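On a predicted model such as this, the values are computed, not experimentally measured, just so you know. Every number for a ligand or one of its atoms is a count from 1 in the order of the listing.
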Amino acid sequence: MSKLWGGRFTKETNKLVEEFTASITFDQHLAAEDIQGSLAHVQMLVESAIISAEDGEQIKAGLTKILAQLHAGLLEFDVAHEDIHMNVEKLLLAEIGPVGGKLHTGRSRNDQVATDMHLYLKNKISGLIALLVAVQNSIVTQAKNNLETIMPGYTHLQRAQPISFAHHLMAYFWMLQRDKERLHDSLARVDILPLGAGALAGTTFPIDRQRTAELLGFSQVYPNSMDAVSDRDFIIEFLSNASILMMHVSRLSEELIIWSSQEFQFVELDDSFCTGSSIMPQKKNPDVPELLRAKTGRVYGNLMGLLTVLKGLPLAYNKDMQEDKEGMFDTVKTVEGTLALLAPLLATMQVRTDKMAKATREDYSNATDIADYLSKKGLPFRDAHAVIGQIVLYAIKEQKYLLDLKLDEYQRFSTLFCDDIYEILQPLATVKSRNSYGGTAPAQITEQIKLAEQKLDARL
Ligand code: ARG
């Protein structure tokens, strides 16, 4: 099968080279975008009087037919035609004859492939934002149901201070909110058209790049043709945003795994989201969060891969850049799959309020509250901290928790202690008392959720 670029060659391409250099096995994912870009290009060529209206009509009819065949799953691609751009062009030539050769007037595969990638990502990022919102909604619903679900809060994975489970969950809402804002923000740099840059230097034809941009729904065109065909920042930015997002998902997954362990039993993942063991009949494994945690690795890998591909490239296009695609497709698929699972995983999760409450009763995480109590009675906080340290040491030795100590035991350490200490030490009271802005008190969380819902309603 003759190559579209075969004119200056005297030999057939080596078969191994043909396979090695071809991208059609993966860039066929861009078929719809490629045809969409060509339809706009040909329309612009006609409007700019670069090709005749009749030729334009024939080309558009051919492309439209090919698009319909694509949607019907009828298209067959050939590795001999290397990539999606030349495959589509070959199909067009077969469909309408030599007039199809006019489609490539005033453009190059270099600006064409970049355009396809911009169109693809623009569409995919919007889809990912919608999936992310579904996860945020699951979080808000769980949070609303668990405002007064008290659990130990941790630092260093050691019990620190009692918190509301809703507060813990909402922390992930805000991480995902930043991820969403980053994706939104990145759209400004995806929403820019490279087409019309030609191979690197522009074209001798009187093209109208603004018109092509308008037809394709881009709000800007690249002002520098060399930058237009060399830029892959928009993909790197996507991979980097996806990496941060997956890092958040991985942290949440880690907590779900810990919380659903026999040791914690804070949550119970729904049976439909867990799997069993082929040998140990009692097992219910949290495979989904484990895999979400692991898939973070491949997304980081895709980011590092592309950063490395680009770091030494001179301007303008180099074949190295063909390696930008698989990591991007893989990342889109991974993040789509991740978010689609995470929303129902969180929505169906059972919260073991009893286990959380028991854990909170059986620890010293209310120690700060007694320190605050003494310092509110006039003792400098640093001295109060030292006094409570001694009380905790004493309680551990006596094998008691802070609520079990008698008033006279407290008064041995400070005469400032009165009966009201027992009220202050109740887990729910400690949580309610952390009523500073953004704190864990249910009143604050209610405000926080209000703000979160405002963002969701305003599609921010
Ligand atoms: N398949 C190529 C890629 O993905 C398309 C651009 C090819 N351009 C070229 N000058 N060889 O990057």
Q.
Under a 4.0 angstrom heavy-atom cut-off, which atoms of ligand 1 come close to S23?
A. 1 (N)
**Q.** Contact atoms of ligand 1, heavy-atom distance to H85 under 4.0 Å
**A.**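 Listed by number with element: 5 (C).
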Q: State if Q112 counts as touching ligand 1 under the rule of any non-hydrogen atom under 4.0 Å.
A: no
(Q) Less than 4.0 Å is my threshold; does some heavy atom of E82 fall inside it relative to ligand 1? (A)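 Under 4.0 Å: no for E82.
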(Q) Any carboxylate oxygen within less than 4.0 angstrom of a Lys/Arg side-chain nitrogen, looking at K432 and E148? (A)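 Result for this pair is yes, salt bridge flagged.
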Q: Determine, for K333 against E336, whether the closest basic-nitrogen to carboxylate-oxygen distance falls under 4.0 angstrom.
A: no
Nearest to [atom], what protein heavy atom do you find, and at what distance?
{"atom": "atom 11 (N) of ligand 1", "answer": "R109 NH2, 3.5 Å"}
{"atom": "atom 4 (O) of ligand 1", "answer": "K325 NZ, 2.5 Å"}
{"atom": "atom 1 (N) of ligand 1", "answer": "Q322 OE1, 2.8 Å"}
{"atom": "atom 6 (C) of ligand 1", "answer": "Y317 OH, 3.5 Å"}
{"atom": "atom 10 (N) of ligand 1", "answer": "N110 OD1, 3.1 Å"}

Q.
D27 vs I24, test: side chain to side chain contact (heavy atoms under 4.5 Å, CB included). Steps then yes/no.
A. CA-CA 5 Å; D27 68 10; I24 188 62; 3.7 Å; yes
Q) Does some side-chain heavy atom of K3 sit less than 4.5 Å from a side-chain heavy atom of E18? A)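 Yes, close enough: below the 4.5 Å cut-off.
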(Q) Taking the ring of H168 and the ring of F266, is the distance between their centroids below 6.0 Å? (A)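 Between H168 and F266, which both carry aromatic rings, the centre distance is not below 6.0 Å.
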Q: Going by heavy-atom distance to atom 5 (C) of ligand 1, choose the closest among D324, D83, I84.
A: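 Result: the heavy atom closest to atom 5 (C) of ligand 1 is in D83.
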